[in-house]
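Bear in mind that the values here come from a model prediction, so they are computed numbers and not experimental data. Computed over heavy atoms, backbone and side chain alike; hydrogens, waters and symmetry mates excluded.
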Amino acid sequence: DLFVASVSHELRTPMNAILGLADLIHHDKRLHDEAREKIEDIQKSGEHLLTIINDLLDHAQMEAGRLQIVKEPFNLHDTLKTSFQLLKRRADTKPLNYILNIDPGVPDWVMGDSHRLTQILVNLLGNALKFTSQGEVELRCTAETVTSAQPAMALIHIEVRDTGIGIP
């Protein structure tokens, strides 16, 4: 676990540098559209690799009993949209409907850990896309108001549904 934590930490620094340089190139006004698309692919792949590195670091921290869950306000709609968009290009390579459905009653702001939620959603959506060759993959979010709580709260339901061969 110490080795994984050390290696993960050492990999994050150059990965962040690569992503930073790709971002600088991406914003160069002289860049042709074809090159810009390739840079975007580099950025998305780099972000995915950084997610894997962070997952390794999280695993090592979890094994050591030091994983921190943050409780702070975050924009749930933005987190759902970002998680969904991270896998859109992969979804577009298949003959399926890739759907994001956020019920109008879902609050914009909630308390929780946006980063951990993104990790979970990307893993679930990635698995759904991996095992769904046609049909649809849907990320759905609904809210149920709990009026008995003081102050009133919302119970958020998030589900990833697909027509693939995986778990019902």
Side-chain angles (χ1 to χ4, degrees), residues 4 7-62 67 70 74-108 110 112-143 156-168:
V4 169
V7 169
S8 297
H9 211 68
E10 294 300 319
L11 290 173
R12 256 201 304 203
T13 302
M15 196 68 239
N16 282 318
I18 291 167
L19 288 172
L21 290 169
D23 190 53
L24 286 173
I25 294 168
H26 182 259
H27 286 93
D28 186 338
K29 301 290 185 212
R30 300 168 293 172
L31 200 61
H32 297 307
D33 288 342
E34 185 178 325
R36 187 175 313 282
E37 287 178 17
K38 290 177 180 172
I39 289 294
E40 287 171 2
D41 287 342
I42 289 170
Q43 287 175 303
K44 286 178 181 156
S45 295
E47 287 167 1
H48 181 67
L49 184 56
L50 189 57
T51 298
I52 292 169
I53 293 166
N54 287 332
D55 287 349
L56 282 171
L57 187 56
D58 288 346
H59 176 75
Q61 288 177 340
M62 193 169 27
L67 183 67
V70 176
F74 72 93
N75 189 307
L76 178 59
H77 289 240
D78 287 350
T79 299
L80 293 167
K81 289 172 187 171
T82 298
S83 300
F84 181 81
Q85 281 300 125
L86 284 171
L87 294 160
K88 180 136 179 47
R89 193 171 284 246
R90 188 184 315 171
D92 289 344
T93 66
K94 296 184 172 196
L96 53 81
N97 293 322
Y98 188 55
I99 304 161
L100 174 60
N101 185 349
I102 303 174
D103 190 71
V106 173
D108 287 329
V110 297
D113 193 326
S114 175
H115 174 70
R116 300 289 176 225
L117 179 57
T118 300
Q119 282 181 308
I120 292 165
L121 292 175
V122 167
N123 283 329
L124 291 173
L125 288 166
N127 283 338
L129 289 169
K130 182 192 291 188
F131 296 107
T132 305
S133 56
Q134 60 185 11
E136 64 184 36
V137 171
E138 178 183 20
L139 172 56
R140 181 185 305 162
C141 184
T142 58
I156 307 295
H157 300 275
I158 300 173
E159 67 179 300
V160 173
R161 187 185 59 74
D162 65 74
T163 57
I165 61 169
I167 301 168

Calculate, to the nearest 0.5 Å, the distance between atoms [atom1] and [atom2] belonging to [X] and [Y] respectively.
X      : Y      : atom1 : atom2 : answer
Ile18  : Ile42  : CD1   : CD1   : 9.5 Å
Ile165 : Lys130 : CD1   : NZ    : 11.0 Å
Glu136 : Gln134 : CD    : CD    : 12.0 Å
Ile52  : Glu47  : CD1   : CD    : 12.5 Å
Lys81  : Ile102 : NZ    : CD1   : 5.5 Å
Glu37  : Ile39  : CD    : CD1   : 11.5 Å

Exercise for review: Give a yes or no on this: more than 12 heavy atoms of other residues, nucleotides or ligands lie within 6.0 Å of atom NE2 of His77.
Suggested key: yes
Review point. For Asp33, does the CG atom sit with more than 12 other heavy atoms under 6.0 Å from it, leaving out its own atoms?
Key: no
With no hydrogens and no angle check, is any side-chain donor or acceptor of [X] less than 3.5 Å from a backbone partner on [Y]?
X      : Y      : result
Asp162 : Val137 : no
Asp23  : Leu19  : no
Thr82  : Thr79  : no

Does [X] reach the side chain of [Y], with side-chain heavy atoms less than 4.5 Å apart?
X      : Y      : result
His48  : Lys44  : no
Lys94  : Thr132 : no
Asp58  : His115 : yes
Arg36  : His26  : yes
Asp41  : Arg89  : yes
Ile156 : Pro107 : yes
Glu159 : Glu138 : no

For [X] against [Y], the heavy-atom pair lying closest together:
X     : Y      : value
Ala22 : Gln43  : CB-CG, 3.7 Å
Tyr98 : Leu125 : OH-CD1, 3.7 Å
Asn75 : Asp78  : OD1-N, 2.9 Å

Exercise for review: Start with the C-alpha distance between His157 and Arg140, add both sets of side-chain angles, then the distance that settles side chain to side chain contact (heavy atoms under 4.5 Å, CB included), and finish with yes or no.
Suggested key: CA-CA 8 Å; His157 300 275; Arg140 181 185 305 162; over 6 Å; no
**Study point:** Steps toward side chain to side chain contact (heavy atoms under 4.5 Å, CB included) verdict (Leu139, Leu124)
**Key:** CA-CA 9 Å; Leu139 172 56; Leu124 291 173; over 6 Å; no
Check your understanding: What's the verdict on side chain to side chain contact (heavy atoms under 4.5 Å, CB included) for Leu129 and Leu96, showing C-alpha distance, side-chain angles and the deciding distance?
Key -> CA-CA 9 Å; Leu129 289 169; Leu96 53 81; 4.2 Å; yes
**Study point:** Verdict with supporting geometry, Leu76 and Leu117, side chain to side chain contact (heavy atoms under 4.5 Å, CB included)
**Key:** CA-CA 9 Å; Leu76 178 59; Leu117 179 57; 3.7 Å; yes
Review point. Per the side chain to side chain contact (heavy atoms under 4.5 Å, CB included) rule, which among Asn127, Leu87, Asp55 passes with Val122?
Key: Leu87
